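Worksheet: the structure to be examined is printed underneath.
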Amino acid sequence: MESERLRIIRPGEIARGPVVYWMSRDQRVSNNHSLVYAQSFAIREKVPLAVVFCLADNFLVATLRQYDFMLRGLTETALSLGEKNISFHLLRGNPGTEIPKFVKENKIGMLVGDFDPLKIKREWKNEVAKKISVPFHEIDSHNVVPCRAVSGKQEYGAYTIRPKIQRLLKKFMVLVPKIVRHPVSFDRNPENIEWEKIIAGLKIDRSVPPVEWIKPGEKNARAMLKKFLIHGISRYSAERNDPNADAQSNLSPYIHFGQISAITVALETIKKSPDDENRRAFLEELIVRRELSDNFCWHNENYDNIGGIPGWAKASLREHKSDKREYIYMEREFESASTHDRLWNAAQIEMVKRGKMHGWMRMYWSKKILEWTKSPDEAIRIAIYLNDKYELDGRDPNGYAGILWSIGGLHDRPWGEREIFGKVRYMNYNGARRKFDVERYIERFGA
DNA sequence: ATCGGCTCGCGCAA
DNA sequence: TGCGCGAAGCCGAT
């Protein structure tokens with residue numbers, strides 16, 4: 001595995017004892033660099049290998065919808081690990097406390113983690129590193145080109161990060177070796193995990209139910225990919241921005257939870273589809289724009305507030321903060337899809353019902369929240385609140401970057417100045433009507 | 001249907 | 001220092 005994926009959080013000699021992979025962002029067995037890396041150490045040292053997942057109640061106010069998707073995916077992951085003689089342990093509570101406790105109680109020799117640019121994950125890792133006395137290595141198994149290898153600074157836009165990724169793509173876009181049946185067993189048998197009971201007992205917001213149209217887990221992720229490569233990708237370039245066309249991959253929930261690797265998706269795409277504009281457009285979104293979001297969150301701690309937007313946009317929005325708003329809505333009016341705009345309401349309902357709003361509508365939806373709230377700060381807050389509550393892929397760097405792109409001109413250029421938006425790119429109903437059959441979309445979801 | 005202007009700043013060439 | 005051009009658009013002119 002490429003050494004650029006590695007960051008040593010806590011250095012030192014590996015101690016005698018099992019190797020543990022603390023699984024967090026990359027919840028899968030296949031093509032998981034962190035797991036392969038952990039196993040290579042365990043085999044070399046002739047010690048057991050265990051995977052630990054720490055379930056934090058009320059993580060960034062996630063709801064039953066997201067917990068259900070994640071835990072059912074983990075059920076499959078735990079089973080696959082068992083088949084490879086790798087034990088799986090589900091911990092409950094604050095990872096900053098529970099992971100060190102597990103490490104000490106089980107005399108673990110080394111800890112391996114995965115990469116995540118979000119602040120809370122970084123805080124957890126710092127806390128863990130302070131409390132343990134064995135090596136702690138972090139492996140970027142989420143990105144095609146590891147985030148820290150792409151660039152050492154916040155990139156200005158897609159056009160500045162693109163060549164940096166392209167240069168390294170050949171080196172990093174390769175599958176890792178498969179996990180082998182682990183030769184040494186973990187002596188403490190993990191208790192039989194009662195998944196259904198755990199899901200039923202979570203102390204979380206249960207008002208947002210799981211969705212039926214998309215099924216969690218590695219196998220279903222591959223099936224979804226296969227379906228997209230047969231039915232969707234040939235129309236991707238022309239129709240991906242048509243919310244009625246069903247030309248999107250629908251892979252973002254899987255990629256968000258790491259139930260499928262972006263490398264797997266990219267290599268399958270290259271294998272199965274011709275080298276045309278469709279493939280190029282899909283790989284651009286899968287790799288360049290996703291990794292741009294990771295780059296942003298990793299290098300900018302204000303990724304979830306107005307502090308993260310570029311200077312020209314901040315100044316321009318400030319100049320327009322007192323502009324008259326034709327409509328002003330409160331959070332609950334947005335949430336209940338009660339605006340005057342049937343198109344906006346339909347998008348909101350799509351998100352609430354299906355857990356996934358169409359990509360083009362996400363931009364329109366965010367920009368209208370800016371237009372109809374009393375300040376950009378409030379708009380960002382509401383957009384993030386709703387996104388994280390209802391979207392299966394909430395709390396993802398892509399979500400934060402997308403919202404700041406829409407409301408704050410992040411990674412975008414300035415445009416003609418106008419009311420409220422200032423120089424931030426404007427979008428409106430007429431634009432939607434030019435692009436697709438707005439009435440059909442409203443019929444599907446509006447009501 | 002198609003085109004240019006809108007407006008800032010990064011990155012590279014020179 | 002100059003210059004080309006950019007995450008998904010809008011609008012008016014032709």
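Below, chains carry the letters A, B, ... as their sequence lines are ordered, and counting in each starts from 1. These numbers come from the heavy atoms of this one structure, side chains and all, not from hydrogens, waters or symmetry mates. Since we're looking at a predicted model, the values are computed, not measured.
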- Item | Validation row, ring centre A/Trp360 to ring centre A/Phe436 under 6.0 Å | yes
- Outermost DNA chain C nucleotides near chain A [under 4.0 Å, heavy atoms]: C/dG6 to C/dC11
- Just checking A/Lys367: base, sugar-phosphate only, or nothing, at a heavy-atom cut-off of under 4.0 Å? nothing
- Task: With P as the reference atom in both, quote the distance from B/dA1 to C/dA8 in angstrom, rounded to an integer.
- Result: 22 Å
- Has A/Arg342 got more than 12 heavy atoms of other residues, nucleotides or ligands less than 6.0 Å from its CZ? no
- For A/Trp312 and B/dC10, give me the distance from atom CH2 to atom C1', rounded to whole Å. 14 Å
- Query: Base, sugar-phosphate, or nothing for A/Arg418, non-hydrogen atoms under 4.0 angstrom?
  - Reply: sugar-phosphate
- Searching all strands shown, indicate the nucleotide that pairs with B/dT7 (Watson-Crick or G-U wobble; both distances under 3.5 Å). none
- Task: Using both distances under 3.5 Å as the test, list the Watson-Crick or G-U wobble partner of C/dA8, or none.
- Result: none
- Taking atom P in both C/dG12 and B/dT7, compute the distance separating them and give it to the nearest angstrom. 15 Å
- Message: Between C/dG4 and B/dG4, how many Å separate the two P atoms, rounded to a whole number?
- Response: 15 Å
- Query: So A/Phe282 and A/Tyr236, ring pair (Phe, Tyr, Trp, His ring centres under 6.0 Å) or not? Walk me through it.
  - Reply: CA-CA 7 Å; A/Phe282 179 62; A/Tyr236 192 77; 5.4 Å; yes
- Query: Rounding to a whole Å, what distance do you find between A/Ile309:CD1 and B/dC8:P?
  - Reply: 15 Å
- Message: In this structure, how many angstroms lie between the P atom of B/dT2 and the CZ atom of A/Arg434, rounded?
- Response: 14 Å
- Query: When you check the phosphate oxygens OP1 and OP2 of B/dC6, does a side-chain N or O of A/Lys423 lie under 4.0 Å from one of them?
  - Reply: no
- Query: Looking just at side-chain N and O atoms, do A/Lys178 and A/Ser30 make a donor-acceptor pair shorter than 3.5 Å?
  - Reply: no
- Assess the pair A/Trp298 and A/Phe115: is the distance between their ring centroids shorter than 6.0 Å? yes
- Query: What heavy-atom pair brings A/Lys356 and A/Ser252 nearest, and what distance separates the two atoms?
  - Reply: CE-OG, 3.4 Å
- Query: Which part of the nucleic acid, if any, lies within contact of A/Met363, taking any heavy atom under 4.0 Å across all strands shown: a base, the sugar-phosphate backbone alone, or nothing?
  - Reply: base
- Item | Rounded P spacing from B/dC10 to C/dG9 in Å | 24 Å
- Query: Looking at A/Tyr303, is A/Lys119 sitting on its ring face, NZ or CZ under 6.0 Å from the six-membered ring centre and within 45 degrees of the normal?
  - Reply: yes
- Message: I want to know whether A/Phe296 and A/His411 have ring centres closer than 6.0 Å.
- Response: yes
- Is A/Asp412 touching bases, backbone alone, or none of the nucleic acid, heavy atoms closer than 4.0 Å? sugar-phosphate
- Note on the structure: Expected list for residues 149-167 of chain A near DNA chain B, using heavy atoms below 4.0 Å, is A/Lys153, A/Glu155, A/Tyr156, A/Tyr159, A/Thr160
- Item | Rounded distance in Å between the P positions of B/dA14 and C/dC5 | 14 Å
- Message: Exactly one of A/Val265, A/Ile263, A/Thr269, A/Thr264 should register a side-chain contact (heavy atoms from CB on, under 4.5 Å) with A/Leu267. Which one does?
- Response: A/Ile263
- Message: Within the 3.5 Å criterion, strictly below it, is a donor on A/Asn244 or A/Asp437 matched to an acceptor on the partner's side chain?
- Response: no
